[in-house]
Number of protein chains: 2
Amino acid sequence: MTQRYKLQPAGRSRPHRDASRASRPPATPKQAAACCSPVDSLLDIELFKAFSDPTRVALLACIAKCGRACSVGEVAECCDVDLSVVSRHLALLTRSGVLEGRKDGRTVFYRVRYAEVSRALRALADALDDCQPTHSPSPRRQARSTPHG
Amino acid sequence: MTQRYKLQPAGRSRPHRDASRASRPPATPKQAAACCSPVDSLLDIELFKAFSDPTRVALLACIAKCGRACSVGEVAECCDVDLSVVSRHLALLTRSGVLEGRKDGRTVFYRVRYAEVSRALRALADALDDCQPTHSPSPRRQARSTPHG
DNA sequence: TGTATCGTTGCGTCATCGTGCAAGTGTATG
DNA sequence: CATACACTTGCACGATGACGCAACGATACA
């Protein structure tokens, strides 16, 4: 099945009650604060915090564009920062569910969890669209044009 | 036309050279750092920094769930922080292109730029998927299931 | 078993950011 | 013109986070 809500680190998964974005929106922001909606869980602070540092994002972009799992040493050649800094950034990206690490001998290979991240981003986009009263109430689409799970 | 790349504050728009994600990915992360791709501009640090503070995200979620433009005073009732803090958060969200402010008399109404934000999120999701060598090379889809521009 | 390699973790430092208070700006109202 | 209201901005302070260096595992190899 598809993971609908908040992005989790690799190897976990968590259910979450659906806030059933009812027929009409709350009248005031204060009322909105009380009623919970998919956007609450999809606005995943840890995920977006991972995307909010230039060095970290540069490292992520390098791995992403590479399209394969990369070692820490390889990734460190992208940026002019200490290897320990790279290690910490990759660890944080892993904790936030963006990367996945695999140890092979004495080297650690990090790969991007493309499907999970893009699914989380699209889910948030859908949830935001659903908040607009003028918007049609969201046909649940698959992740991409290709209908694989 | 649709704005393909980085989310901009309301009232602006910027072209950007297309990195033409070529046939095969770069061999190493270092090479990946040199060649630019849609992910570079779509990993918009200012946007995601806006989503990386709990208070700020709570305020945003309130406005989003409300589905209409809200005044600063209204939004301030959602959280237990000073009004000046709310004002600053909403200003930052505006600068990063998430909100749009409109002054009416002495009150300022902030609304969520739903379409622009969700478009930016989906564009990043697409760009990430395109980085996977195993993935089909991205049919350019419209924003949602409804085929309006 | 010693040594080199790959990566992580502890620690101190510095910059950034979130916050509250107080003062300031701009707009309506009497 | 004075006052009230809605919001913004200056300032100081504390918390968080990014960074480099050094020390520490963990694994491979001679």
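Since the structure is predicted, the reported quantities are computational estimates derived from the model, not experimental observations.
Ranked by how close their nearest DNA chain C nucleotide is to the 5' end, Asp53(B) and Ser87(A) are led by Ser87(A).
Rounded to a whole Å, the CZ atom of Arg106(A) is 16 Å from the P atom of dT3(C). Spacing between atom NE2 of His89(B) and atom C1' of dT9(D) amounts to 15 Å, rounded to whole angstrom units. Atom CD1 in Ile45(B) sits about 14 Å away from atom P in dT16(C), given to the nearest Å. Counting to the nearest Å, the C1' atom of dT16(D) and the CG atom of Leu92(A) are 13 Å from each other. Here dG18(C) presents its P atom at 10 Å from CG of Leu93(B), a figure rounded to the nearest Å. Asp80(B) places its CG atom 11 Å from the P atom of dC21(C), with the value rounded to the nearest Å. Residue Arg102(B) contributes atom CZ, which lies 15 Å from atom C1' of dC7(D) at whole-angstrom precision. Atom CG in Leu83(B) sits about 11 Å away from atom P in dG20(C), given to the nearest Å.
Dashed line: the shortest gap from a side-chain N or O of Arg88(B) to OP1 or OP2 of dT8(D) is not under 4.0 Å. At the phosphate of dG17(D), OP1 or OP2 sits under 4.0 Å from a side-chain N or O atom of Lys49(A). Close to dC19(D), at under 4.0 Å from its OP1 or OP2, lies a side-chain N or O of Thr55(A).
In the hydrophobic clustering of this structure, Leu92(A) does not group with Val75(A); members are Ile, Leu, Val, Met, Phe, Trp, Tyr whose side-chain heavy atoms approach within less than 4.5 Å, directly or through other members. Put simply, Phe109(B) and Ile63(B) are part of two different groups of oily side chains (I, L, V, M, F, W, Y) that touch within less than 4.5 Å, one to the next.
Taking 3.5 Å as the limit, the base of dC7(D) and the side chain of Thr107(B) contain no donor-acceptor pair of atoms between them. For Ser84(A) against dC19(D), a side-chain-to-base donor-acceptor contact under 3.5 Å is absent.
With salt bridges taken as basic N to acidic carboxylate O contacts below 4.0 Å, one links Asp129(B) and Arg122(A). Lys49(A) and Asp44(A) are not joined by a salt bridge, as no carboxylate oxygen comes within less than 4.0 angstrom of a charged side-chain nitrogen.
The backbone N or O of Ala64(A) lies less than 3.5 Å from a partner atom in the side chain of Tyr114(A), making a donor-acceptor pair.
Within the nucleic acid shown, Tyr110(A) comes within 4.0 Å of sugar-phosphate atoms alone, with no base atom in reach, counting heavy atoms only. Heavy atoms of Val81(A) sit under 4.0 angstrom from primed sugar atoms or phosphate atoms, though from no base atom.
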